[in-house]
Amino acid sequence: MKNGVFADYKIFAGNSHTALAEEIAGIMGKPLGKATVTKFSDGEISVNIWETVRGLDVYIVQSTCNPVNDNLMELLIMIDAMKRASAGRINAIIPYYGYARQDRKAKARDPITAKLVADLIMAAGADRVLTMDLHANQIQGYFNIPVDHLVGMPILAKYFQERHMDDLVVVSPDHGSVTRARNLAQYLNCPIAIIDKRRPEPNKSEIMNIIGNIENKNCIIIDDMIDTAGTICNAANAIKDLGAKTVRAAATHPVLSGPAIERLENSAIEELVLLNTVPMPEEKKLEKMTFLSVAPLFAEAMTRVFTNGSISVLFD
């Protein structure tokens with residue numbers, strides 16, 4: 001390495017989302033590095049790196065999605081293996097950052113698990129984190145290493161722009177997603193509406209009121225992730241009942257746990273546009289789902305990291 005520029009780089013993947021890692025590597029014109037991540041009979045994770053990484057710029061692609069703890073440990077152990085193999089720089093590529101919803105103390109004696117995960121990644125030896133659409137932007141500040149926070153909004157916006165739909169309204173499913181809804185509305189040059197929701201307990205939501213005009217409009221509900229799908233399905237059903245012409249939904253992270261698939265299938269949502277930060281088994285896919293790839297954006301960002309180019313233009 002001379003003057004902060006690495007001679008070469010290699011891309012490795014854990015088991016969480018190998019399809020995305022292969023797509024990124026293909027765009028960058030590189031084969032995935034040779035590594036195996038397996039388990040001992042008692043469940044301990046074993047990592048073997050089968051090629052040299054000494055002095056190289058290393059990228060480890062791993063979403064910390066379900067099973068969250070296994071995938072997180074795979075990432076940490078792979079980082080540790082790279083560090084002990086004298087990698088020049090270790091970049092953790094985390095399209096979906098698990099535990100991001102536990103970003104603050106909502107009540108007494110709550111943990112701040114998003115900060116704990118950041119500490120673990122740094123302690124393992126990562127030099128940089130590249131992620132997308134964190135549940136809370138302040139998580140970037142939990143790290144004492146560079147964090148490049150990509151946004152999936154332009155990918156979603158471009159898809160809807162190409163549909164050329166009239167009478168659009170972007171709907172925020174709660175107060176926390178208002179900024180996200182406003183950003184999409186700016187891309188699409190349309191107004192927004194806000195759903196006033198209260199959550200009586202975790203993973204359960206109740207619609208209260210709708211702020212804005214959605215009657216006889218083509219509505220797009222936007223959120224950062226869909227987990228059990230209660231929020232987005234309640235929102236879709238509510239605005240449809242109140243006179244929306246059509247209801248579509250979009251999100252970056254299709255976590256889709258528990259009753260999510262059944263809820264989405266039976267909801268008023270006509271089309272669900274998702275990014276592929278999380279792997280989606282074929283048996284979970286519905287006809288109303290459209291998947292867009294984040295691989296080109298991550299590949300461009302990783303190329304710019306390697307060449308010390310500017311990444312800020314990718315945030316727009």
Side-chain angles (χ1 to χ4, degrees), residues 1-2 4-99 116-132 143-148 150 276-279 294-295 297-308:
M1 183 181 73
K2 294 182 179 180
V5 178
F6 291 85
D8 201 1
Y9 67 90
K10 290 185 178 180
I11 306 167
F12 293 86
N15 290 325
S16 72
H17 203 344
T18 52
L20 177 60
E22 288 171 353
E23 188 178 356
I24 291 171
I27 293 170
M28 297 177 74
K30 288 269 188 179
L32 279 182
K34 295 176 183 177
T36 54
V37 183
T38 57
K39 287 184 179 180
F40 294 108
S41 60
D42 66 348
E44 288 183 9
I45 292 168
S46 172
V47 169
N48 289 284
I49 310 298
W50 299 110
E51 55 187 275
T52 184
V53 295
R54 184 178 297 274
L56 299 181
D57 200 14
V58 172
Y59 297 83
I60 304 170
V61 182
Q62 179 81 336
S63 277
T64 51
C65 51
N66 184 44
V68 180
N69 297 329
D70 284 357
N71 287 329
L72 176 58
M73 280 304 299
E74 281 188 14
L75 174 63
L76 298 176
I77 296 171
M78 289 188 78
I79 292 171
D80 185 72
M82 298 297 181
K83 178 179 66 175
R84 297 177 189 279
S86 301
R89 180 173 60 181
I90 303 168
N91 305 277
I93 312 302
I94 312 174
Y96 171 69
Y97 184 94
Y99 286 108
L116 173 62
V117 170
D119 289 341
L120 290 169
I121 291 170
M122 289 188 293
D127 297 300
R128 176 184 294 270
V129 168
L130 182 62
T131 188
M132 173 173 276
F143 290 88
N144 295 321
I145 57 176
V147 175
D148 295 312
L150 301 178
N276 65 338
T277 59
V278 174
V294 298
L297 182 58
F298 273 94
E300 179 66 22
M302 290 159 63
T303 300
R304 288 170 182 256
V305 168
F306 174 66
T307 58
N308 288 330

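Quick caveat, the model's predicted, so the values are computed rather than measured.
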### Query
Are any of the side-chain heavy atoms of M82 and I60 separated by less than 4.5 Å?
yes
### Query
Does a side-chain heavy-atom distance below 4.5 Å link I49 with V47?
yes
### From I27, L150, T131, V61, residue fulfilling side-chain contact (heavy atoms from CB on, under 4.5 Å) relative to F298
L150
### Message
Could you walk me through whether D57 and N91 satisfy the side-chain hydrogen bond (donor to acceptor under 3.5 Å, both in side chains) test, starting with their C-alpha distance in whole Å, then the side-chain angles of each, then the deciding distance to 0.1 Å, before giving a yes or no?
### Response
CA-CA 8 Å; D57 200 14; N91 305 277; 2.8 Å; yes
### Verdict with reasoning, M132 to Y96, per side-chain contact (heavy atoms from CB on, under 4.5 Å)
CA-CA 6 Å; M132 173 173 276; Y96 171 69; over 6 Å; no
### Query
Within the distance-only criterion (no hydrogens, no angle test), does the side chain of N48 pair as donor or acceptor with the backbone N or O of T36 below 3.5 angstrom?
no
### Query
Within a strict 4.5 Å, meaning less than it, do heavy atoms of the E44 and K39 side chains meet?
no
### Query
Can you check whether S16 reaches P279 side chain to side chain, under 4.5 Å on heavy atoms?
no
### Query
Once you round to the nearest 0.5 Å, how far does OG1 of T64 lie from CG of L76?
9.5 Å
#### Entry: Atom of L32, atom of A25 and distance for their closest heavy-atom approach
CD2-CB, 3.9 Å
### Query
So, E51 and K10, do they make that salt bridge, N to O below 4.0 Å?
yes
### Where A126 and I79 come nearest, the two heavy atoms and their spacing
N-CG2, 3.4 Å
### Message
Ignoring hydrogens, what is the shortest heavy-atom contact between V58 and A87? Give both atom names and the distance.
### Response
CG2-CB, 3.8 Å
### Query
Yes or no on side-chain contact (heavy atoms from CB on, under 4.5 Å) for M302 and I11, after CA distance, side-chain angles and deciding distance?
CA-CA 10 Å; M302 290 159 63; I11 306 167; 4.2 Å; yes
### Taking every non-hydrogen atom, the tightest pair across F40 and S46
CE1-CB, 3.7 Å
### Query
Hey, is the main chain of I94 close enough, under 3.5 Å, to the side chain of Q62 for a donor-acceptor pair?
no
### Task
Determine, stepwise, if the pair N71 / C65 fulfils side-chain contact (heavy atoms from CB on, under 4.5 Å).
CA-CA 7 Å; N71 287 329; C65 51; 4.0 Å; yes
### Heavy-atom pair with the smallest gap, counting every atom of L75 and A92
CD1-CB, 4.3 Å
### Query
Is any NZ, NE, NH1 or NH2 atom of the basic residue among D148 and R304 found under 4.0 Å from an Asp or Glu carboxylate oxygen of the other?
no
### Query
Do F12 and M78 come within less than 4.5 Å of each other through their side chains, counting heavy atoms only?
yes
### Task
Begin from the C-alpha positions of K83 and D127 and carry the test salt bridge (Lys or Arg N to Asp or Glu O under 4.0 Å) through to its verdict.
CA-CA 10 Å; K83 178 179 66 175; D127 297 300; over 6 Å; no
#### Entry: Minimum side-chain heavy-atom gap M28-Y9 below 4.5 Å
yes
### Query
Would you say the side chain of I145 lies within less than 4.5 Å of the side chain of R128, judging by non-hydrogen atoms?
no
### Query
Are the side chain of S63 and the backbone of V278 linked by a donor-acceptor contact shorter than 3.5 Å?
no
### Side chain proximity check, Y59 to R89, heavy atoms < 4.5 angstrom
yes
### Query
Side chain of S86, backbone of R54: donor and acceptor closer than 3.5 Å?
no
### Task
To the nearest 0.5 angstrom, please state how far the CG atom of D80 sits from the CD1 atom of I90.
8.5 Å
### Message
Apply side-chain hydrogen bond (donor to acceptor under 3.5 Å, both in side chains) to residues N69 and Y99 and explain how you reach the verdict.
### Response
CA-CA 10 Å; N69 297 329; Y99 286 108; 2.6 Å; yes
